[in-house]
Amino acid sequence: MPELPEVETVRSGLEPLLSGRQIRSVICHRSSLRYPLPDLSLLTDLTVKGVRRRSKYLLFDFDGFNSLLAQTLVWHLGMTGQFHVLPQQAKIGAHEHVCFNLNDGQSLRYRDARRFGYAGLSQTEELEEHAWFTVLGPEPLTDDFNLAHLAEACAGRKAPIKNVIMDASIVVGVGNIYASESLFRAGIHPTRAAGKISARRLALLVNVIRQVLSEAIAAGGSTISDFVHADGKPGYFAHSFQVYGRQGEGCLHCSKAIKRIIQAGRSSFYCSGCQH
DNA sequence: CTGAAGACCTGCCTGC
DNA sequence: TGCAGGCAGGTCTTCA
């Protein structure tokens, strides 16, 4: 499900429902997702301070308690992970693996059919040194992601540009959909060797990645309420993609048929008329 | 070192 | 209707 805009949408939807709430109990219906879950019972009696995001990770910050230092629960949604806030008496749904009971009668539920999601617990002040974070590149919507950075990452590389912009050590948050959409807007063919793209075109790529992700966040932001409601029907799928999933249909600019190829095991979509 | 391919899981859609 | 096959928004490990 989630690329950066979707995770950001989840974050902004959860924050007001969780901030200031206390965890009364945690029920795990499964001890392991992609990796073994941490001991979530450590969060009992702690109060949620806020919900942040880094890359595609959700960060739930908790106040310390007694001798316990401030803790941060780190959660990656994988492909199909979803959080919902439901009344505690709501019955357990299919693939619902973890339930956090809150002091306001609600519960935070984690559901994940494919179980590619994973979680970890860290002291808040040591979060930056966590192995999951030390390997990450800059956030695409900050100034740290710029032409100089991307040009250095691409220099001399023969790997296709699509693989490079999806590499989280270069820039985080660009998943399979937004990689295709960004390359279309930049007019760059997804198989082009990263090291053979001019600085002018890389500068354009930096800008369109920002633009595409920002627009998607704005679109997702309007459907937060859908997300937290019981049926969990995600409304933010309704983005209008220009190439993703449109193979065989006409390009919106030049009318040539959109093509689909496989790169690194993932589908890529592009227009052979507009992208070189 | 780089880049490609396989692995992890389940559900859903398509076509025979 | 039933079933095989392909596909899915992520990331880590293994192999050439």
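Below, each value reflects all heavy atoms present in this structure, side chains not excepted, and no hydrogens, waters or symmetry copies. Naming: A, B, ... by sequence-line order, numbering from 1 per chain.
Using bins of under 30°, 30° to 60° and over 60° for the plane-to-plane angle, the ring pair A:Trp75/A:Phe100 lands in the perpendicular bin. Using cut-offs of 30° and 60° on the angle between ring planes, the pair A:His76 and A:Tyr57 is perpendicular. Ring planes of A:Phe83 and A:Phe60: perpendicular class, angle over 60° (limits at 30 and 60°). The aromatic rings of A:His130 and A:Trp132 are tilted relative to each other, their planes meeting at an angle between 30° and 60°.
Nearer to the 5' terminus of DNA chain C, by closest-nucleotide assignment, is the contact made by A:Tyr244 (compared with the other of A:Tyr244 and A:Trp132). Residue-to-nucleotide proximity on DNA chain B shows that, of A:Gly156 and A:Arg30, the 5′-proximal contact is made by A:Gly156. Heavy-atom nearest nucleotides on DNA chain B were determined for A:Arg34 and for A:His95, and the one closer to the 5' end corresponds to A:Arg34.
The residue A:Arg115 sits close only to the backbone: its heavy atoms come under 4.0 Å of sugar-phosphate atoms, none of a base. Residue A:Asn163 is in sugar-phosphate contact alone, with no base atom involved, counting any heavy-atom pair closer than 4.0 Å across all strands shown. If you check every strand for non-hydrogen atoms under 4.0 Å, A:Arg266 touches a base. Looking at heavy-atom distances under 4.0 Å, A:Ala113 makes contact with sugar-phosphate atoms alone, never a base. Nucleic acid contact class of A:Gly175 (heavy atoms, under 4.0 Å, all strands): sugar-phosphate only.
A salt bridge does not link A:Arg54 with A:Glu128: none of the charged nitrogens is closer than 4.0 Å to a carboxylate oxygen. Under a 4.0 Å N-O distance rule, the pair A:Glu181/A:Arg185 does not qualify as a salt bridge.
Checking side-chain atoms of A:Gln275 against main-chain N and O of A:Gly273 turns up no donor-acceptor pair under 3.5 Å.
At the phosphate of C:dG10, neither OP1 nor OP2 sits under 4.0 Å from any side-chain N or O atom of A:His76. Between A:Ser267 and C:dA8 there is a side-chain polar atom (N or O) within less than 4.0 angstrom of OP1 or OP2. Between A:Tyr118 and the phosphate of C:dT11, there is no side-chain N or O to OP1/OP2 separation shorter than 4.0 Å. Listed pair A:Lys56 / C:dG9 fails the phosphate criterion, with no side-chain N or O lying under 4.0 Å from OP1 or OP2.
Whole-Å rounding puts the A:Lys158 NZ to B:dC1 P distance at 17 Å. Between the CD1 atom of A:Ile262 and the P atom of B:dA5 there is a distance of 11 Å, given to the nearest Å. Between the CD1 atom of A:Ile161 and the P atom of B:dG3 there is a distance of 11 Å, given to the nearest Å. The nearest whole Å value for the distance from the CE atom in A:Met166 to the P atom in C:dC12 is 13 Å. Nucleotide C:dG10 holds its P atom 12 Å from the OH atom of A:Tyr57, rounded to whole Å. A:Glu6 places its CD atom 16 Å from the P atom of C:dA8, with the value rounded to the nearest Å. Separating the CD atom of A:Gln82 from the C1' atom of C:dG9 is a distance of 12 Å, rounded to the nearest angstrom. For the pair A:Ile165 CD1 and B:dG3 P, the interatomic distance rounds to 15 Å; values are reported in whole Å.
Checking C:dA8, C:dT11, B:dC8 against the side-chain heavy atoms of A:Arg114 singles out C:dA8 as nearest. Side-chain proximity of A:Pro160 to the nucleotides B:dA4, C:dC7, C:dG10 is greatest for B:dA4.
Across C:dC7 and B:dA5, the matching P atoms stand 15 Å from one another, rounded to whole Å. Look at the P atom in both C:dT11 and B:dG11: the space between them is 22 Å, to the nearest Å. Taking atom P on both nucleotides, B:dC13 is separated from C:dG9 by 16 Å, rounded to a whole Å.
Checked by distance alone, A:Arg157 brings no side-chain donor or acceptor within 3.5 Å of a matching partner on the base of B:dT2.
Pairing for B:dC9 is absent, judged as Watson-Crick or G-U wobble with the two contacts each under 3.5 Å.
We find that the ring of A:Phe116 and the base of B:dC8 stack, their centres lying under 5.5 angstrom apart and their planes tilted less than 30°.
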